[in-house]
Amino acid sequence: MAGATIIRMIVAKYNLTEKQALRDFYESATGASLSDDETGLYGQSPLYILGLYIEEKETQLDC
């Protein structure tokens, strides 16, 4: 499942617990888009989705 792979990659990149990574991802705009069938994001690779998530997080830090 792509979601589990994405969460494992977030855990590794940000040194979070699985619970923290799940919460952060599913509270993000990227996580919301993944859950929305109309975006088609569910059909993308986990690495692509991770890239969107990282970009979102970095943009938030710049503000």
Side-chain angles (χ1 to χ4, degrees):
M1 175 175 202
T5 302
I6 295 163
I7 298 305
R8 284 194 301 272
M9 290 188 291
I10 292 171
V11 166
K13 178 164 181 60
Y14 293 104
N15 195 31
L16 299 173
T17 66
E18 188 174 301
K19 184 176 181 177
Q20 290 170 318
L22 277 165
R23 184 192 66 237
D24 289 353
F25 181 72
Y26 284 106
E27 289 179 353
S28 72
T30 306
S33 293
L34 181 60
S35 299
D36 183 352
D37 290 343
E38 292 190 22
T39 66
L41 192 57
Y42 61 85
Q44 300 299 319
S45 75
L47 193 55
Y48 177 78
I49 297 168
L50 177 67
L52 293 176
Y53 174 78
I54 291 170
E55 184 177 330
E56 177 184 347
K57 297 302 271 183
E58 291 177 359
T59 301
Q60 289 175 350
L61 293 175
D62 289 342
C63 294

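Note that the structure is a prediction, hence the values are computed from the model and not measured. Numbering of residues begins at 1 and proceeds along the displayed sequence.
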- request: List the atom of Tyr42, the atom of Asp37, and the distance in Å for their closest heavy-atom pair.
  value: CE2-O, 3.3 Å
- line: One should read off an interatomic distance between Ile7 CD1 and Arg23 CZ, to the nearest 0.5 angstrom, of 11.5 Å
message: I want to check something: taking the side chain as every heavy atom from C-beta on, are Ile6 and Tyr53 in contact at a cut-off of under 4.5 Å?
response: no
field: Glu56 (side chain) donor-acceptor with Ala29 (main chain) under 3.5 angstrom
entry: yes
field: Validation row: Ile49, Phe25 side chains within 4.5 angstrom (heavy atoms)
entry: yes
statement: All heavy atoms of Tyr26 vs all of Gly3, minimum pair found to be OH-CA, 4.2 Å
- prompt: Hey, does the side chain of Thr39 reach the backbone of Ser33 with a donor-acceptor pair shorter than 3.5 angstrom?
  reply: yes
- request: State the NZ-CD1 distance between Lys57 and Ile54, to the nearest 0.5 angstrom.
  value: 11.0 Å
- prompt: For the atom pair CG (Leu52) and CD (Gln44), what is the distance rounded to the nearest 0.5 Å?
  reply: 8.0 Å
- prompt: Below 4.5 Å, heavy atoms only, C-beta onward: do Asp24 and Tyr14 meet side chain to side chain?
  reply: no
query: Closest approach of Val11 and Ala21, non-hydrogen atoms and distance?
result: CG2-CB, 3.6 Å
query: So do Asp36 and Leu41 actually touch side chain to side chain, heavy atoms under 4.5 Å?
result: no
- prompt: Within a radius of less than 6.0 Å around CD of Gln20, do more than 12 heavy atoms belonging to other residues, nucleotides or ligands occur?
  reply: yes
task: Mind checking the CG-OG1 spacing from Leu22 to Thr17? Nearest 0.5 Å is all I need.
output: 8.5 Å
